[in-house]
A.B. asks: 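I have a structure here, written as structure tokens, and I will follow up with some questions on it.
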Amino acid sequence: PILVKNGDFELTSKGGNKKVNGTHLESDRTTLTGWTSSENGGKGGGYNFVLDSTIANTPRSALWLEGKGNGYTASPTGGNFFASDSQYHPGMLSQLISGLTIGTSYLLTFDYALAQQVGFYGANYDNFWEVGFGSAAASTAPLSIADNAFSGWKTATMAFTATNASEMLSFLARGTAPGAPPFMLLDNVALNAEVPEPATWMLMIGGLGLLAFNARRRRNARM
């Protein structure tokens, strides 16, 4: 089953290429289906955007990201991505995940990158996504970029164990050095029950085979 709704950020209330609404809805902003954007300590949605990755490095974008000669590429899914400033009114993106099996380990995967807004200057260091899953937390590897650079897209994989049938999944952009506005980018969020290693599968198959053999031997002994 698909546990994360709208993990590619393609479903919006008023289209992409806009600032994301928080608890106080504004007519010129959009919402992301299945997700909630909330500013830490505030009532707004934070400085969060859903951007069209094919134009995010052009003046047509709601947030113009540096993308000239710095290796900028569209997101791996080729459509929208989520963008958040870790320094200016950082906003948490969250979604309640239901249908979990308590005690089961789940693999969370997503793509992420670090970019800089056009018109600002300075290197950005140690920016990362802080990820929450219920009471558990983890962080991506930190990303750093030189002035007007782009980090390239990275893929993160994290394992979490469900302690409840429903858990809150959250993403919050973090950074230790403000630089000149660093934007953490996010896309292709997926969550799946962890598949056992091949050796575990062999043990399971071997165990099932032994059970079948014993059952057959008992049946033959009664005949």
Side-chain angles (χ1 to χ4, degrees), residues 1-12 16 20 22 31-40 45-51 53 56 73-86 90-115 126-144 150-176 182-201:
I2 299 175
L3 295 172
V4 176
K5 300 180 180 68
N6 196 24
D8 57 3
F9 306 114
E10 298 302 314
L11 302 178
T12 65
V20 177
T31 56
L32 287 165
T33 301
W35 297 95
T36 298
S37 178
S38 58
E39 182 179 328
N40 276 359
Y47 205 55
N48 294 343
F49 294 80
V50 55
L51 302 178
S53 65
T73 59
S75 70
T77 62
N80 293 339
F81 59 70
F82 176 74
S84 183
D85 188 338
S86 66
M92 179 177 288
L93 185 72
S94 59
Q95 180 175 144
L96 184 64
I97 308 297
S98 300
L100 302 172
T101 301
I102 296 174
T104 296
S105 180
Y106 290 86
L107 283 181
L108 175 70
T109 60
F110 56 91
D111 298 318
Y112 70 109
L114 176 63
D126 299 330
N127 288 268
F128 59 95
W129 283 112
E130 181 180 276
V131 182
F133 186 81
S135 60
S139 298
T140 62
L143 299 178
S144 299
F150 179 68
S151 68
W153 287 93
K154 317 295 181 183
T155 299
T157 301
M158 301 174 175
F160 295 99
T161 300
T163 57
N164 296 284
S166 296
E167 302 279 20
M168 187 65 73
L169 173 66
S170 64
F171 294 87
L172 181 63
R174 294 287 197 183
T176 57
F183 274 89
M184 287 296 294
L185 314 182
L186 177 69
D187 198 11
N188 201 23
V189 182
L191 183 70
N192 295 283
E194 190 168 5
V195 178
E197 296 292 329
T200 305
W201 276 117

A.B. asks: Angle class for the Tyr47/Phe183 ring planes (parallel below 30°, perpendicular above 60°, tilted otherwise)?
C.D. replies: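 Taking Phe183 first and then Tyr47, their aromatic rings sit tilted (interplane angle of 30° to 60°).
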A.B. asks: Report yes if the side chains of Phe82 and Ser84 come closer than 4.5 Å at any heavy-atom pair, otherwise no.
C.D. replies: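 Side chain of Phe82 against side chain of Ser84, heavy atoms only: contact under 4.5 Å found.
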A.B. asks: side-chain contact (heavy atoms from CB on, under 4.5 Å) for Val189 and Leu108? Distances and angles first, verdict last.
C.D. replies: CA-CA 7 Å; Val189 182; Leu108 175 70; 3.9 Å; yes
A.B. asks: Measure the shortest side-chain to side-chain distance between Lys154 and Leu114 over non-hydrogen atoms and say whether it is less than 4.5 angstrom.
C.D. replies: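 Result no, sub-4.5 Å side-chain heavy-atom pair not found.
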A.B. asks: Please determine whether side-chain contact (heavy atoms from CB on, under 4.5 Å) holds for the pair Leu169 and Leu3, giving the CA-CA distance in whole Å, both sets of side-chain angles, and the decisive distance to 0.1 Å.
C.D. replies: CA-CA 11 Å; Leu169 173 66; Leu3 295 172; over 6 Å; no
A.B. asks: How far does CE of Met168 sit from OG of Ser135, to the nearest 0.5 angstrom?
C.D. replies: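 Reported to 0.5 Å precision, the distance equals 13.0 Å.
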A.B. asks: Apply the test side-chain contact (heavy atoms from CB on, under 4.5 Å) to residues Leu107 and Thr157: give CA-CA distance (whole Å), side-chain angles for both, the deciding distance (0.1 Å), then the verdict.
C.D. replies: CA-CA 7 Å; Leu107 283 181; Thr157 301; 4.1 Å; yes
A.B. asks: Is a side-chain donor or acceptor of Ser53 paired with a backbone partner of Gly79 at a separation under 3.5 angstrom?
C.D. replies: yes
A.B. asks: Which pair of heavy atoms, one from Ala173 and one from Pro90, lies closest together, and at what distance?
C.D. replies: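 Heavy atoms of Ala173 and Pro90 come nearest at O-CB, 4.3 Å.
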A.B. asks: Please report the interatomic distance CG(Leu11) to CG(Asn6), rounded to the nearest 0.5 Å.
C.D. replies: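 Going from CG on Leu11 over to CG on Asn6, the span is 4.0 Å.
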A.B. asks: Heavy atoms only: give me the nearest Met92-Asn48 pair and the separation to one decimal.
C.D. replies: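 Scanning both residues completely, I find the closest heavy atoms to be N-ND2, 4.3 Å.
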A.B. asks: Within the structure provided, determine whether Leu185 and Phe150 are in side-chain contact (heavy-atom separation under 4.5 Å).
C.D. replies: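 Leu185 vs Phe150: side chains touch.
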A.B. asks: If only side-chain N and O atoms count, and only distance matters, is there a donor-acceptor pair under 3.5 Å linking Thr77 with Asp187?
C.D. replies: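 Yes.
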A.B. asks: Which heavy-atom pair separates Thr101 from Tyr106 by the least distance, and what is that distance?
C.D. replies: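 In this case the closest contact between Thr101 and Tyr106 is N-OH, 2.8 Å.
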A.B. asks: Taking Trp153's backbone N and O only, do any of them form a donor-acceptor pair with Asp111's side chain (distance below 3.5 Å, no angle check)?
C.D. replies: no
A.B. asks: Within the structure provided, determine whether Phe9 and Leu51 are in side-chain contact (heavy-atom separation under 4.5 Å).
C.D. replies: no
A.B. asks: So, for Trp35 and Val4, which heavy atoms are closest and what is the spacing to 0.1 Å?
C.D. replies: CZ2-CG1, 3.8 Å
A.B. asks: Could you state the interatomic distance from CZ (Phe49) to CG (Leu32), rounded to the nearest 0.5 Å?
C.D. replies: 12.5 Å
A.B. asks: Over all heavy atoms of both residues, which pair between Ala56 and Phe81 is shortest? Give the atoms and the distance, please.
C.D. replies: CB-CZ, 3.8 Å
A.B. asks: May I ask you to test the Ser144-Asn127 pair for a side-chain heavy-atom distance under 4.5 Å?
C.D. replies: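 No. Closest side-chain heavy atoms not under 4.5 Å.
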A.B. asks: So, the side chain of Glu194 versus the backbone of Thr104: is there a donor-acceptor pair under 3.5 Å, distance only?
C.D. replies: no
A.B. asks: Tell me if the aromatic rings of Phe171 and Phe110 count as close, with their centers under 6.0 Å from one another.
C.D. replies: yes
A.B. asks: Does Thr163 have any side-chain hydrogen bond (donor to acceptor under 3.5 Å, both in side chains) partners at least two apart in sequence or in another chain, and if so, which?
C.D. replies: Glu167
A.B. asks: Hey, could you give me the CG/CG distance between Asp126 and Leu143, rounded to the nearest 0.5 Å?
C.D. replies: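 If we round to the nearest 0.5 Å, Asp126:CG and Leu143:CG are 9.5 Å apart.
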A.B. asks: Can you see which heavy atom on Gly34 is nearest to which on Gln95, and at what distance?
C.D. replies: O-CG, 3.1 Å
